[in-house]
Structure formats: C-alpha cells, structure tokens
Student: 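Dropping the structure in here first, questions after.
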Amino acid sequence: MEKIKMDFMGSHHSYEILIDNGILDELASRIKAVYSHYKVYIITDKNVASYYLEYIKNLLKDDFIVNEVIVDGGEEAKSLQVYQDVCLQLLNMNIRRNELLIALGGGVVGDLTGFIAATLYRGLPYVSIPTTLLAQMDSSIGGKTGVNLGNMKNVLGAFKQPSLVLIDPLVLKTLPRRHYNNGMGELIKHACIGNANIIKMLYQQDEIDTKIIYQSLMVKRRFVLNDEFDQKERMKLNFGHTFGHLLELDKKRFDLLHGEAVCIGMLMAIQFGIDLGITEQSCYQKLQYILEKYQLPTTKVNYQEYLPLITKDKKNLAGTIHFILIKDFGQSLIYDIFESDL
Ligand SMILES: NC(=O)c1ccc[n+]([C@@H]2O[C@H](COP(=O)([O-])OP(=O)(O)OC[C@H]3O[C@@H](n4cnc5c(N)ncnc54)[C@H](O)[C@@H]3O)[C@@H](O)[C@H]2O)c1
Ligand SMILES: [Zn+2]
C-alpha cells in the first residue's frame with residue numbers, strides 16, 4: 001500500500017490518502033479510524049451506484065447505519081439545483097452536524113459532495129472514494145470543491161479537506177476508455193512538471209500501477225502543500241491547460257474531454273517553449289511517443305493560432321498572463337507574458 005500524508009502548514013487539518021488494489025475491502029475499519037459515530041451518508045451517481053453501491057454498502061453494514069443519496073451523473077450534477085436537492089434529502093434523513101458524508105464517484109460527485117461537506121451546517125466531515133482516474137489523480141488532492149453556476153464552471157466553491165481518501169485502482173476496470181484517458185492527461189502533466197522519473201516509468205511499463213499513481217499524486221501534493229489557497233506554486237499545475245482549455249471550448253474543431261485537450265495543450269506548450277529557447281528540444285518527441293503509446297490524442301495544432309485567445313481566459317489576471325513552461329521533464333517554470341505583447 002502507498003500512503004500519502006497531507007499536512008497543511010499552519011492549519012489543524014491533516015489526512016491520509018491510501019492507494020492500493022483492493023483497499024476498499026478495508027473500508028469499514030479505515031473509516032472507523034477517522035470517525036467515531038454510526039451514521040454515514042453515501043453520495044454517488046446512478047452510474048457508479050450500478051457498479052459499486054451494493055458492494056460498498058455491504059462493506060459498511062456491520063459497523064454503520066448507511067444512508068444514500070443518488071444523483072444523475074454528468075456535469076449537470078454540479079448545479080445549485082442538485083446541491084439543494086441533495087442537502088434537502090440529507091436534512092430529511094435528519095443528518096447531524098458531526099455525521100459523515102462519503103463521496104463515491106468521479107470528480108463530479110467529489111466536487112459536489114465536498115461542497116456540501118463544506119457548507120451544510122457550516123461543515124461536516126467527509127471521506128472520499130474517487131472512482132475515475134481523473135478524480136484519483138487530480139481532485140483527490142487539494143481540497144477544491146464546488147458547483148457550477150449557469151455555464152460558468154466552479155464559480156461557487158470552498159476549500160474543504162476530506163478526513164480520508166481511499167484510492168482503489170481496481171475500480172478503474174469499469175471506467176470507459178475515454179474517461180480513463182481523461183485522467184491520463186493529468187497524470188502525464190504531473191510527470192512533465194514535477195517528476196521525470198514518471199516519464200521513465202511510462203516508457204518502460206505498459207500499465208498504470210499504484211506506484212505511478214503514487215508518484216504522480218506526490219507531484220500534486222508538493223505543489224499544493226505550500227500553497228493551500230492557490231496563490232503561486234499551484235499555477236504550475238496549469239501546464240498544458242492554457243491551450244488545452246481553448247481546444248476544449250473549440251467545439252467546432254475538436255471533441256475533446258478535458259484531459260485529452262490537456263494532452264494536445266502540453267504538446268503546444270512544449271513547442272512554444274522550444275521556440276522561445278526555454279524548453280529542451282527532445283521533449284516534444286518524447287511526449288508525443290508516450291501519448292501515442294497510451295492511445296492519447298496528439299493532433300498537431302499550431303499554438304500561434306491560439307495565442308491571441310489566451311487573454312480572454314478567465315484564469316488570467318488582467319495585464320499579465322502566467323504561462324507554464326517546462327525546461328525539461330520535471331522542471332517547470334512560470335513565464336510571464338504581457339497582454340500588450342500578444
Ligand atoms: N476539485 C478538483 O481539484 C478538481 C480537479 C479536476 C477536475 N475536477 C472536476 O471533476 C469533474 C470531472 O470529473 P470526472 O472526469 O471524474 O467526471 P465524472 O465524475 O462525471 O465521471 C465520468 C463518468 O464516469 C462514470 N464513472 C465514474 N466512476 C466510474 C467507474 N469506476 N466505472 C464506470 N463508470 C464510472 C461517471 O458516472 C460519469 O458518467 C469536473 O466537474 C471537474 O471540474 C475537480
Ligand atoms: Zn485539468
């Protein structure tokens with residue numbers, strides 16, 4: 001088993017992320033170690049429920065009184081309407097302020113449940129069981145929770161750390177291929193910005209194992225720990241995202257999930273860096289090889305076409321764009337571009 005301890009400097013909350021094939025079989029004892037009451041409330045989506053809800057309930061039934069709330073899957077579940085529905089259902093079940101929520105699902109269920117845990121009664125404890133590679137690789141660290149407002153993503157939210165995260169790679173066996181790819185984009189991004197050794201492992205292995213997941217999460221941990229509230233270092237996690245977001249939005253030309261767009265976005269950022277004389281030339285072909293090996297998109301897109309559109313991205317503060325480049329695998333930097341230069 002791989003274990004990651006999340007300790008935030010200057011704040012009182014710390015928690016563990018445990019990664020192992022079959023770790024969910026230990027669910028009841030793992031929860032007991034962080035929670036001393038009897039009632040738990042599982043929040044999940046219909047899809048995940050059809051695969052795993054009975055299994056999870058069986059694991060918990062001898063030790064807990066288990067309640068459940070099931071939402072429709074998909075990004076639509078990250079809405080104020082669904083947030084309200086779930087809160088009302090929990091209140092109708094007489095949930096108390098010290099009782100535990102369990103997020104069972106992908107990033108959508110994770111963000112929604114985390115936001116409820118941050119806000120209902122001004123805060124409840126929650127345990128996270130991420131079931132997509134994206135949720136395991138990305139949203140399980142960092143404490144960002146939230147919902148969308150209209151078509152604006154993640155504009156309502158809070159930072160809320162879980163009491164425990166259990167990552168069981170075995171649940172990924174039922175994940176559809178494209179959703180798997182979605183998480184691979186973030187995993188490879190972590191390798192690019194913070195750990196060249198993961199690139200080596202991706203070269204040598206054919207499958208993603210607990211060691212790769214662990215190493216990749218450790219990169220995110222490093223960037224998040226000293227920057228809990230997203231001020232500077234965390235920006236490096238945006239590698240591949242500046243262009244990636246633009247491709248994701250360019251529906252006329254592309255049909256890409258977030259992580260897939262990040263794959264092409266990373267290639268564009270590397271080409272940009274090479275042209276600026278910052279990025280080591282060989283990075284482009286190496287990354288392209290890895291993306292192809294894992295059947296991820298490698299469409300060649302000219303970054304120059306998208307440069308002028310960057311200024312419109314809401315993630316940028318007015319005036320300066322903090323663009324993330326790599327010098328080589330494992331070494332990232334923030335490169336400031338002035339809007340007036342574009
Ligand atoms: N909080 C953060 O730091 C953070 C980071 C990255 C992304 N996100 C958010 O995550 C969301 C996307 O998450 P996602 O890609 O996991 O999408 P998702 O939660 O919608 O899951 C994708 C699909 O896979 C299904 N699914 C989940 N687990 C499965 C399994 N094991 N087997 C079979 N099917 C399964 C779901 O029902 C859904 O249909 C976005 O809303 C994004 O904003 C949050
Ligand atoms: Zn991302």
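Because only heavy atoms are used, hydrogens play no part in the values below, and waters and symmetry mates are left out as well, while side chains stay in. Indexing begins at 1, ligand by ligand and atom by atom, following the structure's order.
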Student: Is there side-chain contact between K39 and L100, with heavy atoms separated by less than 4.5 Å?
Tutor: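 No, side chains not in contact.
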Student: Do the charged groups of E75 and K153 touch, with an N to O distance under 4.0 Å?
Tutor: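 Yes, charged N to carboxylate O under 4.0 Å.
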Student: I want to check something: taking the side chain as every heavy atom from C-beta on, are Y35 and E99 in contact at a cut-off of under 4.5 Å?
Tutor: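 Contact flag for Y35/E99 side chains = yes.
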Student: Should you measure from each heavy atom of N154, which atoms of ligand 1 turn up under 4.0 Å away?
Tutor: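 Heavy-atom distances to N154 below 4.0 Å select 43 (O).
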Student: Only heavy atoms of K78, strictly under 4.0 Å: list the atoms of ligand 1 that pass.
Tutor: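 In order of number, 9 (C), 40 (C), 41 (O), 42 (C), 43 (O).
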Student: Who gets closest to atom 42 (C) of ligand 1 by heavy atom: K153, H258, K46?
Tutor: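 Checking each option, the heavy atom nearest atom 42 (C) of ligand 1 is found in K153.
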Student: Are M235 and F223 side-chain neighbours, meaning at least one heavy-atom pair lies under 4.5 Å?
Tutor: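 No, too far: nothing below the 4.5 Å cut-off.
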Student: Looking at ligand 1, does any of its N/O atoms fall within less than 3.5 Å of an N/O of V171?
Tutor: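 V171 vs ligand 1: N/O contact under 3.5 Å present.
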Student: I want to check something: taking the side chain as every heavy atom from C-beta on, are C87 and L120 in contact at a cut-off of under 4.5 Å?
Tutor: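 They are in contact (side-chain heavy atoms under 4.5 Å apart), so the answer is yes.
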Student: Would Y303 and F272 count as a close aromatic pair, with their ring centres under 6.0 Å?
Tutor: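 Yes: the rings meet the under 6.0 Å criterion.
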Student: What is the closest protein heavy atom to atom 26 (N) of ligand 1, and at what distance does it sit?
Tutor: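 Here the closest protein heavy atom is V48 CG2, 3.8 Å.
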Student: Would you call N154 and D111 a side-chain contact if the rule is heavy atoms closer than 4.5 Å?
Tutor: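 N154 vs D111: side chains touch.
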Student: Among all protein heavy atoms, pick out the one at the shortest distance from atom 37 (O) of ligand 1; state its residue, atom name and that distance to 0.1 Å.
Tutor: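 Here the nearest protein heavy atom works out to D45 OD2, 2.8 Å.
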Student: Using heavy-atom distances, let me know which of V109, V108, L170 sits nearest atom 19 (O) of ligand 1.
Tutor: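 Going through V109, V108, L170 one by one, V108 has the nearest heavy atom to atom 19 (O) of ligand 1.
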Student: Is it the case that ligand 1 has an N or O less than 3.5 angstrom from some N or O of T174?
Tutor: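 Yes, there is a polar N/O contact under 3.5 Å.
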Student: Is any side-chain heavy atom of M266 closer than 4.5 Å to a side-chain heavy atom of I188?
Tutor: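 Yes, side chains in contact.
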Student: Could you work out, for atom 23 (C) of ligand 1, the closest of E75, H179, K173 by heavy-atom distance?
Tutor: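 Among E75, H179, K173, the closest heavy atom to atom 23 (C) of ligand 1 comes from H179.
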Student: Short list, please: which atoms of ligand 1 are under 4.0 Å from a heavy atom of N47?
Tutor: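 Counting atoms of ligand 1 from 1, those under 4.0 Å from N47 are 25 (C), 36 (C), 37 (O), 39 (O).
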Student: Which residues and atoms, protein N, O or S only, are under 2.8 Å from the Zn ion (ligand 2)?
Tutor: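 Per the 2.8 Å query on the Zn ion (ligand 2), atoms found are E186 OE2, H241 NE2, H258 NE2.
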Student: So that I can tick it off, tell me whether K293 and D206 are bridged by a salt bridge, with the cut-off set at under 4.0 angstrom between side-chain N and carboxylate O.
Tutor: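 Answer for the salt bridge query: yes.
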Student: Using a plain distance cutoff, I'd like to know if T131 has any nitrogen or oxygen under 3.5 Å from a nitrogen or oxygen of ligand 1.
Tutor: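 Between T131 and ligand 1 (N or O atoms, distance only) the closest approach is under 3.5 Å.
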Student: How close does the nearest protein non-hydrogen atom get to atom 6 (C) of ligand 1, and which residue and atom is it?
Tutor: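 Here the closest protein heavy atom is D138 OD2, 3.5 Å.
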Student: Do me a favour and list the nearest non-hydrogen protein atom to atom 35 (C) of ligand 1 with residue, atom name and distance?
Tutor: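 Among all protein heavy atoms, the one nearest atom 35 (C) of ligand 1 is L175 CD1, 3.7 Å.
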Student: Which residue owns the protein heavy atom closest to atom 12 (C) of ligand 1, what's the atom, and how far is it?
Tutor: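 Protein heavy atom with the smallest distance to atom 12 (C) of ligand 1: L134 CD2, 3.7 Å.
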Student: Is it true that E54 and K61 have a side-chain N and a carboxylate O under 4.0 angstrom from each other?
Tutor: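 No.
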Student: Could you find the nearest protein heavy atom to atom 14 (P) of ligand 1 and give me its residue, atom name and distance?
Tutor: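 Sorting protein heavy atoms by distance from atom 14 (P) of ligand 1 puts G107 N, 3.5 Å first.
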Student: With a 4.0 Å cut-off on heavy atoms, is G73 in contact with ligand 1?
Tutor: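 The answer is no, since G73 has no heavy atom less than 4.0 Å from ligand 1.
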Student: Do I167 and V219 belong to the same hydrophobic cluster, where Ile, Leu, Val, Met, Phe, Trp and Tyr are linked whenever their side-chain heavy atoms lie under 4.5 Å apart, directly or via other members?
Tutor: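 Yes, same cluster.
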Student: Any non-hydrogen side-chain atom of Y38 less than 4.5 Å from a side-chain atom of D63?
Tutor: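 They are not in side-chain contact.
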Student: Answer yes or no: is there an ion pair linking E260 with R178, defined by an N-O contact shorter than 4.0 Å?
Tutor: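 So E260 pairs with R178 through a salt bridge.
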Student: Tell me, which protein residue and heavy-atom name are nearest atom 4 (C) of ligand 1, and how many Å apart are they?
Tutor: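 Minimum-distance protein heavy atom for atom 4 (C) of ligand 1 reads S139 CB, 3.3 Å.
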Student: Among protein heavy atoms, which sits nearest to atom 9 (C) of ligand 1, and what does the distance come to when rounded to 0.1 Å?
Tutor: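 Of the protein heavy atoms, D111 OD2, 3.3 Å lies nearest.
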Student: Less than 4.5 Å apart, side chain to side chain, heavy atoms only: is that true for I42 and I56?
Tutor: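 Answer yes - side chains close enough.
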